[in-house]
Amino acid sequence: MNFSDKINSIHLDVLKEIGNIGAAHAATALSDLLQKKIDMRVPNVEMVSFNDMMELAGGSENVVVGIFLRIEGDAEGSMFFILPIEQANRFIRRLIHDESFDFYAPSVPELGLSAMQEMGNILSGSYLSALSDFTGLKIYPTVPGLSVDMFGAIISIGLIELSQVSDTVIVINTAIFEEDIKDEEAVRGNFFLLPNPESFEAIFKALGVPIE
Amino acid sequence: MILSHGNEVVKVGIAQMDVVKTPKTIRTSGLGSCVGVIIYDESKKIAGLVHVMLPDSSLGRTESINEAKFADTGVSALVNLVKLQGAQSFKLKAKIAGGAQMFQFTSDKSSMRIGPRNVEAVKEQLRKLRIPIIAEDTGGNSGRTIEFNPETSMLNIRTVNRGVSDI
């Protein structure tokens, strides 16, 4: 039996709560960082095929700014913070006080790149430490990597390990957006948390809903 | 979506494969560490594409395996598919692209170096099957979208940072 068959709606609700808590902390951190109100949308937790996963952030060819890190410790997996280029540009311009900064530029200024990396560090750190506090699990994030490229090329690194045990992935997806930006549908960022299948047991056990 | 040739484009997803005959073209998008392998018969104008994720099916721990996911099973499965469409074994040629390392890490975890391993595994399979590699665009740290046209036997490669090229 595949692990995905053992996961029921209660488990998915629990994962949703995890996403909620983690992302709420990250949104607060981001609001502080940018001195700007950042909101988040209640995460959706879905079991999706790899190809559906590729379509989540505007399609596999969509060019995005992606922060990726591995989670190690009691629970393992991958985490991504994905921003549309326009959104990332706005955040970084604000952060480094440089209105000309642009991820589309032929050579992207180092300062902006490291600001982006640092932002990824802070956000993923606050997301994961909230998760760690909540579950009592020891979770260690690796140093995040940054890539400005096609979404499919970026997200596939998180699917590699999962693909050894399954053809589907459970994705904890949280959307974040600036409150005063109107077209929130078009321009927003996403956190994707992709726990390794082996880690679900540890996560559910820690939260009191063990897998049968 | 603009169809680059005015003809139908068959899209292949991650860990999938398919075969086309001219005037159709075949395409896969957002290749990162994965490798896109094209097997084609120039005279028959038949081409197959497999989007490989992992080097070796022994890495798979599921009960039934998806052949297209692994280099060792995917390449030979694709060869069978193009032969079923009428391609002749001795005429088969290959073009490959992908196998990038999207993120630079100091971690020695093997899954972080999966791109180069995928490329090696694909080449190993092609060697075993005696299929020559006519062109390749592998490695580096850019994502790729590739499209093969069996009419011209050209593989079009689009990247975000390095522009567009034909091999």
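Computed from a predicted structure; not experimentally measured. Within every chain, numbering begins at 1; the chains are lettered A, B, ... in the order of the sequence lines, protein sequences first and strands thereafter.
- Contact detail for A:I160 and B:S33: the closest heavy-atom pair is CD1-OG, 3.8 Å.
- Not a single donor-acceptor pair under 3.5 Å links the side chain of A:D149 to the backbone N or O of B:S142.
- Between the A:N51 side chain and the B:I14 main chain, a donor and an acceptor come within less than 3.5 Å of each other.
- In this structure, OG in B:S58 is found 9.0 Å from CD in A:Q164, a value given to the nearest 0.5 Å.
- Counting non-hydrogen atoms of other residues, nucleotides and ligands closer than 6.0 Å to CD of A:E201 gives a total of 12 or fewer.
- Per-residue heavy-atom pair counts under 4.5 Å with chain A were compared for B:G98, B:G32, B:G30, B:A100, and the maximum is reached by B:G30.
- Between chain A and the options B:N161, B:L31, B:T145, B:T159, heavy-atom pairs under 4.5 Å are most frequent for B:T145.
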Query - B:R27 vs A:E61, salt bridge (charged side-chain N to carboxylate O under 4.0 Å, His left out): CA-CA, chis, key distance, verdict - result: CA-CA 12 Å; B:R27 166 189 175 97; A:E61 272 193 88; 2.5 Å; yes

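- Both the backbone and the side chain of B:R158 have a heavy atom closer than 4.5 Å to some heavy atom of chain A.
- Atom NZ of B:K91 is surrounded by more than 12 heavy atoms from other residues, nucleotides or ligands within 6.0 Å.
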*asked:* Apply side-chain contact (heavy atoms from CB on, under 4.5 Å) to residues A:S163 and B:K69 and explain how you reach the verdict.
replied: CA-CA 8 Å; A:S163 69; B:K69 200 194 285 178; 4.0 Å; yes

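- Counting heavy-atom neighbours within 6.0 Å of B:K45 NZ, excluding the residue itself, gives a total above 12.
- Put simply, NE2 on B:H51 and OG on A:S60 are 8.5 Å apart, with the number rounded to the nearest 0.5 Å.
- B:F103 has its side chain within reach of A:I154: a pair of non-hydrogen atoms, C-beta onward, lies under 4.5 Å apart.
- When side chains are defined from C-beta on, A:F50 counts as touching B:M53, because their heavy atoms get closer than 4.5 Å.
- For chain B, no part of A:I155 is nearby; none of its heavy atoms comes within less than 4.5 Å.
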